[in-house]
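To start, the structure itself, in structure tokens.
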Amino acid sequence: MNDFKKKVVYQIYPKSFKDTNGTGTGDLKGVIEKLDYLQTLGVDYIWLTPFYVSPQNDNGYDVADYYNIDPSYGTMEDVENLIAEAKKRNIYLMMDMVFNHVSTEHIWFKKAMAGEEKYLNYFFFKQGKANNQPPTNWNSKFGGPAWEYVEKFDKWYLHLFDKTQADLNWENPEVREEVKNIVRFWMEKGVKGFRFDVINLISKAGFEDDFSVDGDGRSFYTDGPRIHEFLQELARDSFAKDKDIITVGEMSSTTMENCYKYAGEKTGELSMVFTFHHLKVDFMGNEKWVLVPTDFMKLKQLIFDWQINMEKNNAWNAVFWCNHDQPRVISRFGSNDKYHKESGKMLATLIHCLRGTPYIYQGEEIGMTNPHFKSIEQYRDVESLNHYQILQDKGMTKEQALMILDVHSRDNSRTPMQWDDSINAGFTTGTPWIQTADNYTEINVKNSLEDKDSIFYYYQKLIQLRKNYDVIAYGDIKPLLREDKRVFAYERNYKGQKLIVICNFYPTTYEIELPYDLSNYKCILNNYKNEVKAKKIALKPYETLVYCNL
């Protein structure tokens with residue numbers, strides 16, 4: 001069976017990865033072109049965000065045809081070549097499956113709008129309340145109501161995301177069969193991994209107004225009543241038949257207890273889960289569009305709680321800082337300038353030595369930062385554009401709204417991959433669909449490969465350590481210095497092998513005292529040149545140290 005505990009996944013946002021034909025949009029041939037680079041890094045899987053036919057209202061997460069490739073990315077032949085060429089390098093493809101909703105351009109929705117009974121039941125069309133009000137008071141994740149009125153039927157359809165993304169009715173067995181057919185189609189192409197988008201939202205628990213504290217409806221559709229049944233059925237009838245396939249579910253606002261089942265060793269659902277609680281430590285509760293300092297102690301508590309409890313329940317985490325929906329981690333928790341390299345390496349160490357399968361997002365391995373756009377015209381993300389207006393409607397100035405987007409926008413991670421210091425960072429010969437960050441002349445792949453002390457080579461070492469040291473892949477986890485307000489430290493244990501990981505989360509020197517003697521340990525990784533073996537250690541800014549017993 002595929003040992004996903006030893007693997008590392010690299011996420012590609014193809015639109016921004018590499019453009020080979022000058023359109024300004026990345027393409028599949030661009031991914032093929034860079035496979036040698038990914039092989040040098042040492043990753044095992046590449047997860048590509050959706051490249052199916054799509055109107056691109058939500059950058060491909062509004063799928064109009066699961067069986068065909070959007071011409072802007074290439075052709076089915078390109079996908080087949082990518083799978084074959086990656087396999088030659090012992091890299092496998094993980095497809096992104098968006099099954100909570102489809103584009104309103106999808107044939108199923110078009111047939112529903114034409115009045116075909118069968119397809120009306122693929123979606124949630126509901127009667128509104130009096131005075132032409134939506135069926136419930138639920139909010140869309142992108143702002144505004146979660147319902148769109150259709151005058152022709154005098155009904156409303158549910159869209160938890162953009163109004164062009166209609167939610168699928170998984171209560172309908174025909175929908176579930178359609179989904180299984182799609183998975184089986186891609187399995188036959190040689191795909192060996194599946195990432196399921198917001199998959200814990202597919203079971204809706206009734207349609208009533210939400211009068212809870214959040215009041216946005218999430219309690220009626222998050223981790224719904226039939227979710228585990230649906231996932232077990234999907235696994236049993238599709239990917240579970242191939243033991244080499246790994247799966248990961250993106251879990252929106254989930255609970256830990258549900259994740260024990262989603263990613264349990266014996267539950268027959270998924271290999272692992274993405275959860276986001278640790279990436280809300282610079283939110284105000286669940287509110288993202290605010291500016292508040294990072295709550296480091298909350299970050300520690302959340303990561304440790306999830307690590308310890310998932311281990312106790314034989315369940316598995318995907319561990320990560322970055323993806324296409326999150327700001328760049330160096331800009332978020334590290335240093336954009338003075339300690340760019342040191343903080344990038346420390347943040348990588350913290351994640352890659354945890355219990356779980358690490359995910360690297362394109363550019364993270366070279367230390368890419370937020371682009372710090374200066375005007376709203378530079379943004380492309382539908383969520384950001386909506387909230388720019390919402391924030392102003394709440395009384396903010398344009399400048400204040402832009403400051404919040406600068407920190408939290410999803411476009412922070414969607415700027416073109418920085419390959420070299422040529423125009424457009426070597427991403428395209430045309431006009432890029434979104435601007436490159438200004439620092440591409442310094443932070444790029446070319447410079448990283450030439451600098452033996454770069455963040456890139458540090459990631460390469462981390463990936464190799466996971467393969468060489470069983471304690472990283474299989475060990476249990478024990479927090480160290482849990483009450484310390486500046487340091488994130490833990491130990492891992494497996495069959496007599498012990499790993500100690502120390503991370504100074506701040507840009508100042510700080511002294512710690514460890515609970516044991518390090519004289520019988522070897523420092524197998526650090527981000528400064530020194531090797532310390534004392535109980536008391538004066539940690540340098542963003543210093544990280546990894547010790548293993550001899």
I'd like to know if the side chain of [X] and the backbone of [Y] have a donor-acceptor N/O pair within less than 3.5 Å.
X      : Y      : value
Arg492 : Asp476 : yes
Ser448 : Phe456 : no
Thr544 : Thr349 : no
Trp321 : Leu347 : yes

Could you tell me whether [X] and [Y] have a side-chain N and a carboxylate O separated by less than 4.0 Å?
X      : Y      : value
Asp421 : Lys446 : no
Asp244 : Lys87  : no
Glu269 : Lys261 : no
Asp453 : Lys341 : yes

Within 45 degrees of the ring normal and closer than 6.0 Å to the centroid, is that where the cationic atom of Lys540 sits relative to Tyr528?
yes
With a distance cut-off below 6.0 Å to the six-membered ring centre and an angular limit of 45° from the axis, does Lys34 pair with Trp419 as a cation-pi contact?
yes
Tyr521: partners by ring-ring contact (aromatic ring centres under 6.0 Å, His included), with sequence neighbours left out
none
Applying ring-ring contact (aromatic ring centres under 6.0 Å, His included), name anything that partners Phe161, two or more places apart in sequence or on another chain.
His101, Phe142
Using the rule given for side-chain hydrogen bond (donor to acceptor under 3.5 Å, both in side chains), can you reason through Arg218 versus Ser252, listing the C-alpha separation, both sets of side-chain angles and the distance that settles it, and then say yes or no?
CA-CA 9 Å; Arg218 71 182 63 194; Ser252 170; over 6 Å; no
Taking the six-membered ring for Trp and the full ring for Phe, Tyr or His, determine whether the centres of Phe373 and Tyr379 are under 6.0 Å apart.
yes
So among Phe333, Phe505, Phe304, which one has a ring pair (Phe, Tyr, Trp, His ring centres under 6.0 Å) with Phe488?
Phe304
Among Phe274, Tyr10, Phe4, which residue satisfies the ring pair (Phe, Tyr, Trp, His ring centres under 6.0 Å) criterion with Tyr359?
Phe274
Minimum side-chain heavy-atom gap Tyr388-Ile390 below 4.5 Å:
no
Working note: Asp411 + Ser384, criterion side-chain hydrogen bond (donor to acceptor under 3.5 Å, both in side chains); need CA distance, chi angles, decisive distance, verdict.
CA-CA 8 Å; Asp411 278 342; Ser384 301; 5.0 Å; no
Thr254 meets the side-chain contact (heavy atoms from CB on, under 4.5 Å) criterion, sequence neighbours left out, with Asn200, Asp223, Met251, Asn258, Cys259, Tyr262, Thr275, His277, Trp306
